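Step one of this worksheet: look at the structure below.
Scope of the values below: all heavy atoms of this structure, side chains included, with no hydrogens, waters or symmetry mates. None of the values given here were measured: they were computed from a predicted structure.
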Amino acid sequence: MSSDTRTALLAALLTLALGCADFERGPVSADAGPPPTDGGGGGDAGSAVSFASDVHPLLTSGCQSCHRGGGSAGNTSFLLTGDADADYAAVISLTDTSNPSASRLLRKATGAGHGGGAIYGEGSPEYQTLLAWISAGAQP
């Protein structure tokens with residue numbers, strides 16, 4: 001990893017602690033993103049949830065419109081690039097595998113402390129997929 005990449009990643013992680021911009025998103029959108037279609041995830045017995053095929057598509061469809069370079073998220077360091085490997089590096093710091101439901105990623109997704117409001121409701125398939133992924137160790 002180059003020095004510039006490490007510096008950018010460190011800056012992003014440090015700024016992440018500041019949280020999301022203070023703006024109103026409104027209610028959870030019905031088209032906030034489809035649940036995984038490959039049968040993976042949601043915590044189904046025998047199905048491992050994959051970051052690349054299950055979690056990343058949820059984040060890009062539900063979060064990337066604001067959390068991308070030049071987006072409307074204001075002064076936030078949580079930026080999604082669209083590249084699964086790079087986005088995993090940004091997302092992993094928002095997870096708590098020892099207490100998955102307390103993970104910042106899930107709290108933000110449901111609107112707790114998120115200036116953009118709720119993205120995925122707590123009972124939604126999207127939320128359950130995120131929870132299953134974190135519960136399984138939040139692997140790439």
Side-chain angles (χ1 to χ4, degrees):
M1 183 182 302
S2 75
S3 166
D4 289 340
T5 302
R6 273 184 262 145
T7 301
L9 182 57
L10 181 58
L13 291 174
L14 291 174
T15 309
L16 184 60
L18 297 176
C20 289
D22 186 19
F23 63 93
E24 297 297 321
R25 176 185 287 270
V28 176
S29 171
D31 65 348
T37 58
D38 65 356
D44 296 341
S47 292
V49 180
S50 161
F51 180 80
S53 63
D54 299 314
V55 174
H56 192 246
L58 294 178
L59 298 175
T60 56
S61 66
C63 308
Q64 192 174 20
S65 63
C66 293
H67 291 278
R68 68 179 187 289
S72 61
N75 188 18
T76 181
S77 65
F78 179 55
L79 300 176
L80 297 168
T81 66
D83 175 73
D85 291 335
D87 291 347
Y88 176 80
V91 171
I92 194 63
S93 66
L94 301 176
T95 65
D96 180 353
T97 58
S98 65
N99 188 2
S101 61
S103 292
R104 190 169 182 200
L105 180 65
L106 291 174
R107 289 184 289 123
K108 295 285 189 172
T110 59
H114 185 236
I119 306 302
Y120 298 123
E122 195 166 321
S124 72
E126 296 86 357
Y127 176 92
Q128 295 304 318
T129 297
L130 296 172
L131 177 61
W133 173 67
I134 297 167
S135 297
Q139 297 299 310

Nearest 0.5 angstrom please: [X] [atom1] to [Y] [atom2], how far?
| X | Y | atom1 | atom2 | result |
| --- | --- | --- | --- | --- |
| L105 | I92 | CG | CD1 | 9.5 Å |
| L94 | R107 | CG | CZ | 9.0 Å |
| S93 | R104 | OG | CZ | 8.0 Å |

Would you say the side chain of L58 lies within less than 4.5 Å of the side chain of Y120, judging by non-hydrogen atoms?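 Yes, close enough: below the 4.5 Å cut-off.
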Flag the pair V49 / L130 as yes when at least one side-chain heavy-atom distance between them is below 4.5 Å, and no otherwise.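 In short, these two side chains do not touch, never coming nearer than 4.5 Å.
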Heavy-atom closest contact ([X] atom, [Y] atom, distance):
| X | Y | value |
| --- | --- | --- |
| C63 | L80 | CB-CD1, 3.8 Å |
| I119 | G62 | CG2-O, 3.5 Å |
| P100 | L106 | O-CD1, 3.2 Å |
| I134 | S103 | CG2-OG, 3.5 Å |

Non-neighbouring partners of [X] that pass side chain to side chain donor-acceptor pair (under 3.5 Å), sequence neighbours left out:
| X | result |
| --- | --- |
| D85 | none |
| S101 | none |
| T95 | none |

Okay, side chain of Q64, backbone of L79: is any donor-acceptor separation there less than 3.5 Å?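 It does not hold such a pair.
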Side chain to side chain donor-acceptor pair (under 3.5 Å) assessment of T81 paired with D87: CA-CA 6 Å; T81 66; D87 291 347; 3.0 Å; yes
Please list, chain by chain and in numerical order, all residues satisfying side chain to side chain contact (heavy atoms under 4.5 Å, CB included) with Q139, sequence neighbours excluded.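 Here no residue qualifies.
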Residues which pass ring pair (Phe, Tyr, Trp, His ring centres under 6.0 Å) with Y127, listed by chain and number, not counting sequence neighbours: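 Ring pair (Phe, Tyr, Trp, His ring centres under 6.0 Å) list for Y127, sorted by chain: empty.
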Do the rings of Y88 and W133 sit parallel, tilted or perpendicular, given the 30° and 60° boundaries?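 Y88 and W133: perpendicular rings.
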Between H67 and H114, how do the two ring planes meet: parallel, tilted or perpendicular, split at 30° and 60°?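 Aromatic pair H67/H114 classed parallel.
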